[in-house]
2 protein chains.
Amino acid sequence: MKEMRSGPNAVAMSTTFPELFDRFSAALLPAETPDATILRFRSIARAIRLDSHGHAEFDPKAEQLAFVCVGSAKLVARASGGREQVVSFHFAGELACVPGGALHAYSIEALTPCELLAFPVGEFLDLARSEPAILSEVCDRVMVALHRASEKSVALGRKTAQERVCSFLVGMTERIGVRQGNGFAMRLPMSRRDIADALGLTNETISRQFAELRMSGIIETSGRSLVTVPDIGSLRDLGGYMQLPERNAA
Amino acid sequence: MKEMRSGPNAVAMSTTFPELFDRFSAALLPAETPDATILRFRSIARAIRLDSHGHAEFDPKAEQLAFVCVGSAKLVARASGGREQVVSFHFAGELACVPGGALHAYSIEALTPCELLAFPVGEFLDLARSEPAILSEVCDRVMVALHRASEKSVALGRKTAQERVCSFLVGMTERIGVRQGNGFAMRLPMSRRDIADALGLTNETISRQFAELRMSGIIETSGRSLVTVPDIGSLRDLGGYMQLPERNAA
DNA sequence: CGTACTTTTGATCGAAGTCAACTACGGTGG
DNA sequence: CCACCGTAGTTGACTTCGATCAAAAGTACG
C-alpha cells in the first residue's frame with residue numbers, strides 16, 4: 001500500500017474513482033469481461049490525481065502500468081546529477097509503462113491537471129491472463145510504445161537539433177493536431193523545457209529551432225503553446241526521415 | 001510471400017527448419033499448446049539464415065516479430081543521409097520487434113552467423129490469442145524490450161560519451177558476461193562501429209573511451225572483441241545512473 | 001604470409017551547451 | 001478590467017564535447 005507516493009502538487013479533484021475506472025474499463029476491458037474479473041481489476045487499481053506539474057513517484061522496484069484517464073502527463077527518468085530525460089508523453093486514453101528495478105529513477109509528472117489509474121504489472125497481467133482480449137489489447141499498446149521508443153532513439157542518436165524538433169512536431173500533429181486546411185493546429189501542453197528533455201537538447205536550443213522554423217514559415221506560433229503547421233509535408237521533409245521508396249496509391 | 005528479402009550475405013546453413021522451430025516453441029509455446037495451434041504457428045514462420053553481416057529487409061508496411069534461434073543480431077533503423085541507428089542487439093532466445101509503417105527503414109543484421117524465425121505480427125497475435133500463456137510471454141518480452149529502450153533513451157538523450165560506453169558495457173555484462181572473480185569477461189560480437197551506432201557516437205569516440213577505461217584499469221581488452229571487467233562496481237559508478245537510495249540487504 | 005579491414009591515435013572543426021541578460025506571456029490581485 | 005509580477009521563453013556571446021578528417025597500427029582472414 002505504501003508503494004505509491006504523490007508529490008507536493010498532488011491534489012483532490014472532481015472525478016470519482018468509479019468514473020475513472022469506467023474510462024479505463026471502456027478502453028481496455030472488452031464488453032464480455034465477467035463482473036468478477038472487473039471487480040478484481042478494480043481492487044488493484046490505485047487512483048492518482050495530479051495538479052498541473054504534480055508528480056507521482058512509485059516504488060522503484062515495482063513496475064507499474066498507468067492508464068491516463070484525463071489530462072496529459074510525461075514519463076520522466078532521472079539520471080545522476082539531476083539530469084532528466086522525458087521518456088514519453090501520454091494523453092488521455094493512453095497506457096504508460098513505468099519501469100521497475102531500473103538503474104534510473106522513474107516518475108510520472110502532470111503536464112495538465114491529470115488523473116491516472118496505476119496498476120502493479122504483475123497482478124495486472126495475472127488478471128489479464130484470464131481474458132485473452134485484454135492481454136491482446138495491452139500487448140498492442142505496449143508494442144506501439146516500443147515502436148515510438150525505437151523511432152525516438154533514431155532521433156536521439158543520429159539527428160540534428162532541427163530534425164529532432166521537426167520529428168517531434170510531426171509526431172505531435174499526429175497525436176493531438178486538428179486538421180486545418182493543408183496543415184494542422186495544436187495546443188502543446190508541455191513547456192519548451194519538457195520538449196528539450198524529451199529530445200536530449202536544452203530549452204535554449206528548442207527556442208532557437210522554433211525561431212528558425214517560424215522564420216522559414218514552416219510553423220506559426222501564438223502564445224506559449226499554440227502551434228500551427230501550414231503544410232505538414234514541408235515539416236516532414238525536415239524530419240530526417242528515410243525517404244521511403246513506396247509511393248503508390250493508398 | 002514477397003514480404004521478406006534477404007541481403008547479399010544471406011546464405012544456406014546447417015540447422016533445419018524443424019530444429020529452428022523447436023527452439024522457438026521451446027522458448028515461447030507452453031507444453032500444453034494444442035498440436036493444431038503449433039502447426040499454425042509453423043505455417044506462418046519464415047526461416048531466415050544469415051551469414052555474419054548478412055541482413056534481412058522486411059516489407060516496411062508489415063510489422064514483424066523475429067525470434068533469434070541461433071547467433072546474434074542487431075535491429076537497425078536507417079534515417080536520411082545513410083545514417084544508421086542500432087535500436088537493439090539480440091542474442092539467441094530473444095525476440096525482436098521490427099516496426100512496420102514507420103518513418104525510418106528497419107532491418108535485422110547478423111553480428112555472427114545467425115538464424116531467425118520471422119512472423120507477421122498480426123497473424124502471430126491472432127494465433128496467440130487462443131493461448132493466453134503465449135500472449136503473456138510475448139507481452140513480458142515486449143515490456144522488457146520497452147524498458148531497455150527507455151533506459152537507452154536516457155543514455156542517448158542525457159549522457160556523456162563515457163557514461164554511454166559504461167552503461168553499454170554494464171548492460172552487456174548482464175546479458176552475455178561470464179562471472180570471473182569480482183567481475184566479468186565477455187566476447188562482444190559487435191564492432192566498435194556497431195557500438196557507436198547504438199550509442200549515438202562515432203567509432204573513433206568509442207575507441208577513445210575504451211582507451212581511457214583501459215588506462216584507468218576499469219576494463220581490460222584482448223583482441224577486438226574480448227573485454228574483461230575486473231570490478232563491475234566501478235564500471236557501474238561511471239554509468240551516470242541514479243544513485244538509488246535503496247541500500248538494504250537482498 | 002600478405003592483405004584488407006578494423007581499430008587506434010592525432011589535429012582541427014562545428015553544433016549544441018552554457019552563462020547571462022532581456023522580453024513577453026498569462027495568472028493574480030487591486 | 002487593468003496593472004503587476006513571477007515564470008517561461010527568447011536572444012546573444014562564448015565554450016566545449018564529440019565529429020570529422022587523416023594517417024598509422026593491429027587483427028584476423030584467406
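Numbers restart at 1 for each chain; the letters A, B, ... are given by sequence-line order, proteins then strands. Both backbone and side-chain heavy atoms feed into the values below; hydrogens, waters and symmetry mates do not.
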Residues from residues 204-220 of chain A lying under 4.0 Å of DNA chain D - heavy atoms: A:E204, A:S207, A:R208, A:A211, A:R214
Residues in contact with DNA chain D, drawn from residues 153-173 of chain B - heavy-atom cutoff 4.0 Å: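 Hits under 4.0 Å, by residue number: B:T160, B:A161.
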Test item: side-chain donor near acceptor, A:S153 and A:S150, under 3.5 Å: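 No donor-acceptor contact under 3.5 Å links the two side chains.
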Side chains of A:S72 and A:T112, donor plus acceptor under 3.5 Å: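 On atom types as modelled, these side chains qualify, holding a pair under 3.5 Å.
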By salt bridge (charged side-chain N to carboxylate O under 4.0 Å, His left out) - contacts of A:R148 (at least two apart):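 Expected list: none.
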Partners passing salt bridge (charged side-chain N to carboxylate O under 4.0 Å, His left out) against A:R78 (at least two apart in sequence or in another chain): A:E57, A:E84, A:E109
Touch class at under 4.0 angstrom, heavy-atom based, for A:R192 against every strand present: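 Result for A:R192 = sugar-phosphate.
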Sugar-phosphate only, base, or nothing, as touched by A:S191 at under 4.0 Å among non-hydrogen atoms: sugar-phosphate
Mind listing the N/O atom pairs, protein and nucleotides 27-29 of chain C, below 3.5 Å?
none

Is it true that a side-chain atom of [X] and a backbone atom of [Y] form a donor plus acceptor pair closer than 3.5 Å?
X	Y	answer
A:K159	A:G239	yes
A:E220	A:R214	no
A:T205	A:L201	no
A:Q209	A:I206	no
A:S80	B:G240	yes

Min side-chain heavy-atom separation B:R236-A:L103 under 4.5 Å: yes
Note, B:F168 side chain near B:I195 side chain (heavy atom, < 4.5 Å): yes
Side chain to side chain contact (heavy atoms under 4.5 Å, CB included) assessment of B:I48 paired with B:L50: CA-CA 6 Å; B:I48 304 178; B:L50 300 172; 3.9 Å; yes
Results of ring pair (Phe, Tyr, Trp, His ring centres under 6.0 Å) for A:F21 - residues two or more places apart only: A:F24
Test ring pair (Phe, Tyr, Trp, His ring centres under 6.0 Å) applied to A:Y106 - qualifying residues, sequence neighbours left out: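 So A:Y106 forms no ring pair (Phe, Tyr, Trp, His ring centres under 6.0 Å) with any residue.
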Distance in angstrom units between A:N203 CG and C:dG17 P, rounded: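 So the CG-P distance, A:N203 to C:dG17, works out to 10 Å.
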Spacing of A:L226 atom CG relative to C:dC25 atom C1', expressed in whole Å: 13 Å
Candidate pair A:S234 and A:D231, rule side chain to side chain donor-acceptor pair (under 3.5 Å), full reasoning: CA-CA 6 Å; A:S234 41; A:D231 173 30; 3.1 Å; yes
Range on DNA chain D touched by chain A - first to last nucleotide, heavy-atom distance under 4.0 Å: D:dT7 to D:dA13
Throw together a table of side-chain donor-acceptor distances under 3.5 angstrom for residues 89-101 of chain B, partners on residues two or more places apart or in other chains.
residue, atom, partner, partner atom, Å
B:H90, NE2, B:S88, OG, 2.8
B:E94, OE1, B:F91, N, 2.9
B:E94, OE1, B:R175, NH2, 2.7
B:E94, OE2, B:R175, NH2, 3.2

Contact list for DNA chain C against residues 72-80 of chain A - heavy-atom distance below 4.0 Å: none
Least distance between heavy atoms, B:I219 atom then B:P230 atom: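 Shortest heavy-atom contact: CA-CD, 4.2 Å.
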Summary of salt bridge (Lys or Arg N to Asp or Glu O under 4.0 Å) pairs that have at least one residue in residues 188-202 of chain A, sequence neighbours excluded: A:K74-A:D194, A:R193-A:D197, A:D197-B:R158
Degree of bending in the helix from C:dC1-D:dG30 to C:dG30-D:dC1 once both end axes are built from five pairs, to 10°: 50°
